[in-house]
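Take a look at the structure below.
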Amino acid sequence: MDPLVRVENLTIRLPPGGDRAHAIEDVSFTVNEGEIVCVVGESGSGKSVTASAVLRLLPRGLAIASGRISFAGEDLLAASAARMRDLRGREISMIFQEPLSALNPVMRVGNQVAELMEAHGAYPGEARRARTLALFDYVGLPEPVQLIEAYPFQISGGQRQRVMIAMALALEPKLILADEPTTALDVTTQKQILELLRKIRKERGTALLFVTHDFGVVAEMADRLLVMEKGRLVEDGPAAQVLAAPRHPYTRSLIAAVPRLRPAALPAPGDQVVLSVEGLQKTFGGGASLLRRRRKVVAVKDVRFSVRRGETLGIVGESGSGKSTLARCLVRLVEPEQGRIVFDGHDVRAISRDEFRPLRRRLQMVFQDPFASLNPRKRVRTILTDGPRAHGTPAPDAQARAAELLSLVGLDASALDRFPHEFSGGQRQRIGIARALMMDPEVIVADEPVSALDVSVQAQVLELLDGLQRRLRLAMVFITHDLRVAARLCHTLAVMHRGEIVETGPAGDIFAAPQHPYTRQLLAALPGRHLDERP
Amino acid sequence: MTSFWRRFSRNAGAVIGLAVLAVVILVALFASLMFSTSPWQMVGPPLLLPFEEQGFALGTDMLGRDIAAGLAHGARVSLLVGVVSTGCAVVIGVAFGTLAGYFGGAVEHALMSVTEFFQTIPQLAMAVVLVAIFTPTLESIVIAIALVSWPPVARLVRAEVLSLREREFVEAAIVLGRPTRAIIFGEILPNAISPVIVAASLIVATAILTEAALSFLGLGDRNMMSWGFMVGAARTMLREAPWLTVLPGLAILVTVLAVNLVGEGLNDALNPRLKERGD
Amino acid sequence: MSFVRFLAGRLVKAVIVVLAIAALNFVLVRLAPGDPASVLAGEAGATDPKFVDELRARFGLDKPVWEQLLIYLGQVVRLDLGFSYRNQVPVIALIGERLPATLLLMTSGFLFSLVAGVGLGVLAARARFLERGRFLDSVVMTIALVFYATPLFWLALMLVILFSVQLNWLPAFGMESVGANLTGVSRAVDIARHLVLPTLALGFFFMAVYVRLTRAAMLEVMNQDYVRTALAKGLSPREVLRKHVLRNALLPIVTFAGVQLGQMAGGAVLVETVFAWPGVGRLMFDALLQRDYQLLLGVFLITSGTVVVFNLLTDIVYLFVDPRIRVEGRAR
């Protein structure tokens, strides 16, 4: 049987002046009917471009330089614009990463689905509404009759992605292109969406070209796996085979970089408690202005924990669980309204911000976004020495320390005179870590420090943090949404849900025998559990 | 700096605008050298056409005043008022915007209410009232234009500061224990400066137009010749001597156009669009 | 009914703004050099000691400042804006007589600039979106650039030179032909003919503003993900432009239309001055010439008040354009 999609020697040009000439180069692959093919790669690998090329919807400035794309035997690159419009939505649909921005904010979601049918003259009259309702029901949206009248901002992220899927399914296409469709979603929602996509394939025989960076998702979904590196396809094979025995060294390194959900062998922490928190509470909003009542959100509710010297405490939870607010409370970027934060024997909440300032030296933070966490207008030297200088360290001492720390985090001393934009994401994160270490802190609060990084870079930064931890015996509060990342680094875990810590304990115990239903749910939702059994 | 010039000069309009602006600035600087007598002085027969008589390249007005001298001296007022009042407006706007954006809460509410208030009032009408009540002098004109021009700067700076203060490098500075002053002046403002410069260039253009409108309405400083005044004075001779109106108006048009072009070039050079990702 | 609360909030705010403008007037008069009573009396009135004394009593100028402010605000609330000595009529009567002409001019100028500006802006953005006719885009943008730099009053005079003096097509002064005593349709036609040049003079600058705004807003929207979604549905670029791009670009356009009204009121002063249009703008110019400051401040107050009312109307339009406010009463 002929494949549904056949891509041959496809090369796509980038606009001139960039760091490379082609977004993808000489890429060939096929997708069979009813097959789920995952395209996996790190950022800049060209995986998304590959998917959008099939619909000929490339970002502005990109152009197909050579190659062939055929769909059900038809040459798509030779097809007229009108023919492409006819295919889009009817034979080939697309789902995007960020469902909020992929939906028109000022149009009711039901109309956005109906619009696709209208564009193809399908389901005229009354039938269109009925079809929309049936689709909403099929993708598991609650109360379709009410929901079709909603605007995108009124429904949750998972529901928006279901709307996008309903739209994609409207005319029973043969192929759905899915570009990181679950990346913006929480792990429990991701599980539901992945299940829905599998159900669609099973019941309707729709083929799926699924772009992702997440090997867990790949392990859940893929029949076949394409691995891309810097615009080139380096491996193509049945998913089980590629995951179990990758042939290409790049694939091997990628898979090796994915952390496993197994407690790592970590040195035992000390006995001395460095930081402890009791009854911490933070509420946002509330209080009404003259004309508007603001909704009250309890972000952190009655939280208690303690961290010992040499211990890493992982705080895990989904978005909106309050874990980031908690991190910000600890360093007083956010002022909690109740509770005690005991550091070095005194309740830091009881002292004024000015009195707290000298204590800040010993309580440092590492941030999430390597591109936002360094001032773009300052040289690395200034970024590193600003902190100690503010606490009275003489400039030459601070500079010497900066050079030392750069080599400790694995950067060359020449980095001192460069600006942040000259570094990659992983290097920037190293600079951010060095900045925190400049202060010789006793506690480091790390807020999702690796979640913005590609998996291979993530592994390196995790290793760096692990090494520093062993060497400096820091107490670390490590915030993450990713249980596997937590497993790599944490002695103890605290699971947060709706502002509360629902379960605390040694990481191994929690993975082996979760007590709280939410923890169990979280673990069950983790995609690709069998990947953790890798040696 | 070199990449700044490369991006600026890629915009042909901006380069032309800069050249024109340079000429206007030179004329303003050397007006008294080029025309030693006062532009208010009657120096020749009235209503000479341009190029009609040697020494009066652009002709004379109904009182025999040299048009070329008037235009040269008018450039001074236009540029002076444009630049100084914009400078004042930027200072007020940056102060308001920074305080509102950084401190938030009641401070922000109060400052932004004032800003919104000043933005609602018809700007020209308010400038007219201010200058009329405080008698037309160069100072009152500058102050009036500054007072009606700052709200956009305040809104822009507030928006920038709001987004910058959420940025992690600012939070990092707080966590490092740097003083608030250092955070505002060292971390936030340097990153907010580019859009302010672009906005300022547009405000210069508007300020020149406002000054011209004020002096057209007879609210100019009577000690200084200005383009708006020349248009206003020649208005009654519209049928008999249209060039008296046409020339100073063209001078305003060309100058403001040049300033706007330079502003667009600055925008291209200072706020380059992020390149589209090739992912 | 959160949008009712949204509107109520805007209404309260509008009232506060008008009172604040009145308070500003009060402060200006007290900051002005010289005795407040003589400032208010104006050049003509100040020569009449009886009138100055009357003013002193009327504004309670011997009382404490805050009490004076309250007296003044009380008068403003009752629409008592004082007496024009030169014209020997109450200020509010003068303004009331002139207001319709200004409203007519501003409405027609606003509509012209909005229609022409948004139209040309859409045309320019469309040329970019469909990736053809970049030439059209640059022509439109050049036109906008030139009008954006043209002084309003000078453009008005140029229009007079061209269309009245040279071509003799359209009248250059006033709102109606003097002594014609027309009625009904022919009067309307006469007014319309008088309206053309002032409308163009007032409208071209703001047209340029709307061209730039519309194009920028549309280019911004074109980069949004939902535009790609719409294309992936199989809609044609034209449909995407109409149903998705333009619809979303309307939000900033409407917001900005409100902000521009203040500037347009200022422009009306210039245009009415040039064309001797019998509106409040011309009244402001006359007040300047006669140094009649009670009249000047009255005109300023009413002009600002009118802008506030128009802003309120913009907010209502916004309710229709943005469901987020309609449904949740969210502030923009």
Side-chain angles (χ1 to χ4, degrees), chain B residues 13 17 113-114 116-135 148 151-152 155 202 205-206 208-213 216-219 227-228 231-232 234-235 238-240 242 245-246 248-261 264 273 276, chain C residues 13-14 16-18 20-21 24-25 28-29 31-33 39 142 145-146 148-155 157-158 160-161 164-166 172 205 223 258-259 261-270 273-274 280-281 284-285 287-289 291 293 296-297 299-301 303-304 306-308 311:
Chain B
S113 297
V114 174
E116 206 177 313
F117 172 69
F118 273 92
Q119 199 156 28
T120 310
I121 303 177
Q123 288 88 341
L124 183 65
M126 172 150 160
V128 164
V129 168
L130 282 172
V131 175
I133 287 192
F134 293 98
T135 64
V148 300
R155 292 179 74 118
L202 295 179
T206 318
I208 293 176
L209 286 175
T210 310
E211 186 280 327
F216 170 77
L217 289 173
L219 293 172
W227 293 337
V231 175
R235 183 155 80 89
L238 202 57
R239 274 164 205 279
E240 298 81 358
T245 318
V246 172
L250 269 183
I252 304 172
L253 169 58
V254 168
T255 307
V256 173
L257 191 61
V259 174
N260 280 332
L261 286 171
E264 287 190 2
R273 285 263 158 160
E276 281 169 285
Chain C
K13 213 168 183 178
I16 294 174
V17 170
V18 172
I21 295 167
L24 181 72
N25 268 351
L28 286 180
V29 171
L31 286 181
V39 171
T142 309
L145 199 63
V146 170
Y148 194 60
T150 309
L152 244 158
F153 56 90
W154 182 74
L155 178 66
L157 292 168
M158 293 303 106
V160 169
I161 290 183
S164 302
V165 178
Q166 297 292 328
F205 176 81
N223 286 324
V259 176
L261 282 165
Q263 276 205 48
M264 196 173 259
V269 176
L270 297 169
T273 301
V274 171
V280 283
M284 186 173 227
F285 182 68
L288 277 181
L289 286 183
R291 298 183 200 257
Y293 291 132
L296 184 67
L297 291 172
V299 170
F300 176 52
L301 184 66
T303 314
S304 309
T306 314
V307 171
V308 172
N311 277 333

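Every chain is numbered from 1 and lettered A, B, ... according to where its sequence line falls, protein lines coming before strand lines.
Judged as a side chain to side chain donor-acceptor pair (under 3.5 Å), and not counting sequence neighbours, R235(B) has no contacts. Legend: residues meeting side chain to side chain donor-acceptor pair (under 3.5 Å) with Q119(B), ordered by chain and number and at least two apart, are R155(B).
Looking only at heavy-atom pairs under 4.5 Å with chain C, the residue among N260(B), L130(B), V254(B) that has the most is N260(B). Highest contact tally toward chain C, considering only G228(B), A127(B), A132(B), is held by A132(B) [criterion: heavy-atom pairs under 4.5 Å]. Contacts with chain C were tallied for P242(B), A205(B), A213(B), G232(B); A213(B) has the most, counting heavy-atom pairs under 4.5 Å. The choice from A265(C), P151(C), A20(C) that makes the most heavy-atom pairs within less than 4.5 Å of chain B is P151(C).
Proximity to chain B involves both the backbone and the side chain of V274(C), based on heavy atoms less than 4.5 angstrom apart. Residue contact with chain B, scored on non-hydrogen atoms closer than 4.5 Å, is absent for L152(C). Of the atoms belonging to L24(C), it is side-chain heavy atoms, and not backbone ones, that fall under 4.5 Å from chain B. Contact annotation for L157(C): both backbone and side-chain heavy atoms come within less than 4.5 Å of a heavy atom of chain B.
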message: Apply side chain to side chain contact (heavy atoms under 4.5 Å, CB included) to residues L250(B) and W154(C) and explain how you reach the verdict.
response: CA-CA 9 Å; L250(B) 269 183; W154(C) 182 74; 3.9 Å; yes

query: When you look at L124(B) and Q263(C), which way does the side chain to side chain contact (heavy atoms under 4.5 Å, CB included) test go after all the steps?
result: CA-CA 7 Å; L124(B) 183 65; Q263(C) 276 205 48; over 6 Å; no

task: Check the pair L217(B), F153(C) against side chain to side chain contact (heavy atoms under 4.5 Å, CB included), reporting the backbone distance first and the verdict last.
output: CA-CA 10 Å; L217(B) 289 173; F153(C) 56 90; over 6 Å; no

task: Applying side chain to side chain contact (heavy atoms under 4.5 Å, CB included), run through F117(B) and I21(C) and close with a yes or a no.
output: CA-CA 8 Å; F117(B) 172 69; I21(C) 295 167; 3.4 Å; yes

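Atoms CG and CG, from L145(C) and L257(B) in turn, are 5.0 Å apart once rounded to the nearest 0.5 Å. Interatomic distance, CZ of R239(B) versus CD of Q166(C), reported as 10.0 Å (0.5 Å rounding).
Smallest separation of non-hydrogen atoms from L31(C) and F134(B): O-CE2, 3.5 Å. I133(B) approaches L28(C) most closely through the heavy-atom pair CG2-O, 4.0 Å. When all heavy atoms of G266(C) and P122(B) are compared, the pair lying nearest together is N-CB, 4.3 Å.
Residues L253(B) and L155(C) are not in side-chain contact: their nearest non-hydrogen atoms beyond the backbone lie 4.5 Å or more apart. A heavy-atom distance below 4.5 Å is not found between the side chains of F300(C) and V128(B). No side-chain heavy atom of I121(B) sits less than 4.5 Å from a side-chain heavy atom of V307(C).
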